[in-house]
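I have placed the structure first, in the form of structure tokens, so that the comments after it can refer back to it.
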Amino acid sequence: MDKAEKSAPSELRTRVRLLGRVLGDVIKSQDGQALFDRIEDIRKTSVAFHRDGGTANAALLEERLRSLDLRETVRFAHSFACFLQIANIAEDYVQRLKAAPGDVRADTLAGSVEALAAEGVDRAAVAQMLQTAAIAPVLTAHPTEVRRKSVLDRAGAITAALSAWEQAASEAARQDHEVELLREVAIFWRTRLLRDVRLGVIDEIETAVSYFERSFLAELPRLYARWTRQLQTGLPSFLRIGSWVGGDRDGNPFVTDAVQRQAFARQSQAALQNYLDRIHALGAELSISSTLAKISPPLQALAERSGDTSSQRQDEPYRRALRGIYARLAAAYPILTGEAPPRPSPLAAEPYPDAVALKADLQVILDSLVENHGEMFRAGALADLIRAVDCFEFHLATLDLRQNSAVHARTLAELMAAAGVCPDYEALDEADRCELLLGELAHGRLLYSPYARYSEETQREYGVLAQAARSRALYGPHAIRVYIVSNTTSVSDLLEVYVLLKEVGLFHPGETPRTEVFAEPLFETIGDLRAAPQTMRAYLSLPLVRALLAEGRLQEVMIGYSDSNKDGSYLTSTWELHQASRALLATTDELGLRLQLFHGRGGTVGRGGGSSYEALLAQPEGTVRGRIRITEQGEMVANKYADPQLADQSLETITAGVVLASLRRDPAERLGERHAPILDRLSQASMEAYRSLVYETPGFVDYFYAATPLTEIVELNIGSRPASRQPTRSIEGLRAIPWVFSWSQSRTMLPGWYGFGAAVAASGVSLSELNDLHEAWPFFATTLSNMEMVLAKSDMHIARRYAGLVEDKALARSIFERIEAEWERTVEALLAINGQTALLGRNPELAEALRTRLPYIDPLNHLQIELIRRRRSGDGAEAVREGIHLTINGVAAGLRNSG
């Protein structure tokens, strides 16, 4: 059968079986037949249970697991966690096979151009829209990635070995590659899956930079080259990569001015080293002699200024020019990175002041090549380098600053009290706060004094802002552009940021006030989302703010998926985000401004996960318009960007979605607007059911802490940020990430579905109406599709066993029975609406992936429960802790989007 004719599920089964066989061979050779037989026995028992069901198979599986001693339990957890990582490798490999770069699929730019052409939107309209577009995936360090970088590196090596094995030209070559595959799997089998120490922010910076080095620096220029060919026109660098790593201080006291400085130094090092290597390679390549070819006068001048007087290269102006460029960039390297370049230049040169000057010199070379040697030089290594410099400049990624509004209020209160401006700023009401803040922004007097004594928090906040000013001066205006205010509830929350920016010279008062960094609200809770349009109308109507936005007339607003979900249920969060987007667009349109939304999405559906492409197509009409930013968090960063080809697909998918969402002429959204009252009723009923359980049920917090591995997850060394905003045991104070992660581990998946079944039952909406909405409205269909995925990964039988960890059996029974009943209602309602007889009936690829994984995930859940019971009973053995963490690692790997 031709590869194109094979189904994706069969392709996946083939690769999983191959890599599973290799792993089995490694286990037998390194640990002996006895261990392999024990693992295989449990695997087959679990497969039989999943295939045939039955109490006998369930009892047999439980018996096999209980027979393991502690040492065997840890080894078994390691083996199944390894297999699930292997399954991920196979799944990603098949994903690459499905779509080679340049293929015309619906979720590619070429595919979106074809789809729009069918609607009467021509290629020129797409190219014109992209001239002013702005698309940015933004990497965060939110702690849901349980895999060490070493494990990710091993996965890449196994992938390369598998690819070489499959593409071997002869049987002899195939055997050689099989040995290599065995060797890579053997290294992986002996690689520690768990981190010994907690990640620091510097570690997170290093991990983030690794994605640029591995994928972005090479793939972005290639994408632009492909798009330029397809659209037959030049394109600006509308797609760039952002970062929060080293700038996000919300709840993370370890992000300091020193950390920000290190973040930029490391980012710059990656960018400059990449440019230097490319320039060096171009110098070796462009051996064109001026005795045999014409050159442009600007190139001749650039070569003369290079300082390269070697007689061997006097007739090689391109090489001389490139040596001069290399020397100038190498001279800038220590200024920007604090280190000497790995390969210094022998030439003395003036350092480049910025990336613009570097790009201009490289353009001189390209223009001369095209002018004198033809269009064949328009694309290639030099053009890719110019594009890289344009995309990444000297700072690699734009770093967002983020902090909670409460911190700003405390900081300003202390500064104002010390300066004698206001004795108790926090006691003022909103109107008085705004009046005072606007007054401070009208003059140049500063509040901060180097002679005053401030709290550690205030000193830290001032230090970060002062460093931001230095970072922009050193790395350029695109190094830091926005300051995100978490927990924005009022106009004063945004004005406070400008007062603080004024303290370090980033806000400039006067007749024509201007700011170098813009304050950006983040609306997170249901209440804040509902109030967002009113808050923004009041803010954007201020003369000061109108003046600040005068040039670009653009205001970015961030909307948060995680906390709104934790606050009000999956359905309510999704609908309120949709409605807030529409209302914010209406507000900015009314005021003659442009809106750019920044979507704070996570990996799991409870935090905005699911297909980015489908999510973009489901956005309210007019809210994209070619401009969007989206956070990429935790394990999803590696899933999308650790491999260059997957990065290519992911970036193209986002771009295709933005193009379609911006230009398609689809009446579906207007249909949805007419049926908004239906969603209003469903949303309200869902929120009432959800809050009744989570916030109004006595003892629910105790149930949650006991019936999930939250405490054990907090002990994992997967991130630098604390799990809670405050040292309390409340759901409100807990961050959304551990909230969702814990429910995922217990296989309850509650944040991704709870309340929907009750909403359908209580809303009074007919099934036929819901069927029609599902068929006609992308927003509703996408919402239910994501929920279906979560329900398919949940397991109420396993969740019931986690409920058994709760000491208060009456409490456990009453709460779990409510959860189970709602799960059954939700599944029944979902299947009735989408017309399926079983979950994932229309998604065979995901169904097959889950069938492959569940026999490995479930035993890990059962072992985790027993180990948690032992640890909570006082067994402090290190092996117990290690076993729990290995099971968490394995379950997270198997579920893939767990946090």
Side-chain angles (χ1 to χ4, degrees), residues 202 205-218 220-221 241 243 246 258-287 302-310 312-313 316-366 381-382 384-399 467 470-476 478-479:
I202 302 304
I205 292 167
E206 187 62 39
T207 297
V209 170
S210 73
Y211 295 112
F212 287 86
E213 294 175 325
R214 193 191 310 245
S215 298
F216 295 132
L217 278 161
L220 260 185
I241 314 299
S243 176
V259 164
Q260 183 195 134
R261 185 169 62 250
Q262 287 178 272
F264 275 118
R266 180 64 184 94
Q267 289 180 189
S268 184
Q269 181 188 55
L272 269 58
Q273 186 58 57
N274 180 272
Y275 302 160
L276 287 169
D277 288 345
R278 293 191 191 201
I279 293 166
H280 181 76
L282 283 166
E285 175 186 328
L286 293 177
S287 55
L302 188 61
E304 294 298 330
R305 292 197 304 270
S306 70
D308 181 11
T309 59
S310 171
Q312 298 178 17
R313 286 182 293 275
E316 296 175 336
Y318 290 102
R319 280 181 165 170
R320 291 171 61 208
L322 285 163
R323 281 174 61 82
I325 291 171
Y326 186 100
R328 292 194 67 186
L329 188 58
Y333 191 98
I335 298 171
L336 297 167
T337 71
E339 300 179 4
R343 187 193 293 126
S345 170
L347 304 178
E350 189 74 17
Y352 277 114
D354 51 42
V356 174
L358 169 62
K359 180 186 172 186
D361 282 355
L362 292 170
Q363 191 66 46
V364 166
I365 297 176
L366 182 63
L382 177 56
D384 286 350
L385 171 57
I386 292 172
R387 178 67 75 175
V389 173
D390 196 45
C391 286
F392 303 107
E393 301 184 39
F394 284 172
H395 60 274
L396 190 70
T398 297
L399 189 69
Q467 180 57 46
R470 293 190 291 270
S471 295
R472 280 179 54 87
L474 185 58
Y475 297 101
H478 292 148

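- Summarising the geometry, atom OG belonging to S268 is positioned 8.0 Å from atom OH belonging to Y333; distances are rounded to the nearest 0.5 Å.
- Side-chain atoms of R319 come within 3.5 Å of backbone N or O of G283 as a donor-acceptor pair.
- Between the CG atom of L336 and the CG atom of L396 there is a distance of 12.5 Å, given to the nearest 0.5 Å.
- Judged as a ring pair (Phe, Tyr, Trp, His ring centres under 6.0 Å), and not counting sequence neighbours, F392 has no contacts.
- Atom OH of Y326 and atom CG of L358 lie 13.0 Å apart (nearest 0.5 Å).
- When side chains are defined from C-beta on, Q260 counts as touching L399, because their heavy atoms get closer than 4.5 Å.
- With D277 contributing its side chain and I279 its backbone, the two residues share no donor-acceptor pair below 3.5 Å.
- Shortest non-hydrogen contact noted between L385 and Y275 is CD1-CD2, 3.9 Å.
- The shortest distance between side-chain heavy atoms of S243 and Q267 falls below 4.5 Å.
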**Asked** Which is it for I325 and L302 under the side-chain contact (heavy atoms from CB on, under 4.5 Å) test, yes or no, and what are the steps along the way?
**Response** CA-CA 9 Å; I325 291 171; L302 188 61; 4.1 Å; yes
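- Rounding to the nearest 0.5 Å gives a distance of 15.0 Å between OH of Y211 and CG of L217.
- P334 and P341 get closest at one heavy-atom pair: CD-CD, 4.2 Å.
- For the atom pair SG (C391) and CG (D384), the distance works out to 10.5 Å, reported to the nearest 0.5 Å.
- Closest approach of F216 and P221 over heavy atoms only: O-CD, 3.9 Å.
- Using a 4.5 Å heavy-atom cutoff, the side chains of F264 and L474 are not in contact.
- Salt bridge annotation for R320-E304: present, with a cationic side-chain nitrogen under 4.0 angstrom from a carboxylate oxygen.
- Scanning both residues, A218 and R278, for their nearest heavy atoms gives CA-NH2, 3.8 Å.
- Distance check, rounded to the nearest 0.5 Å: NE2 of H280 to CZ of R343 gives 4.0 Å.
- Closest heavy-atom contact between S306 and G324: CB-CA, 3.7 Å.
- Aromatic ring centroids of Y475 and F394 lie 6.0 Å or more apart.
- A heavy-atom distance below 4.5 Å is found between the side chains of Q273 and P342.
- Nearest heavy atoms, A330 versus L276: N-CD2, 4.0 Å.
- Taking a cutoff of 4.0 Å between a charged side-chain nitrogen and a carboxylate oxygen, R313 and E316 do not qualify as a salt bridge.
- Within the 4.5 Å cutoff, no side-chain heavy atoms of L282 are placed close to those of I365.
- Considering only heavy atoms from C-beta on, R328 comes within 4.5 Å of D361 through its side chain.
- Using a 4.5 Å heavy-atom threshold, the side chains of I241 and T398 count as separate.
- Residues that satisfy the side-chain hydrogen bond (donor to acceptor under 3.5 Å, both in side chains) test with R266, not counting sequence neighbours, are E206, E213, Q269.
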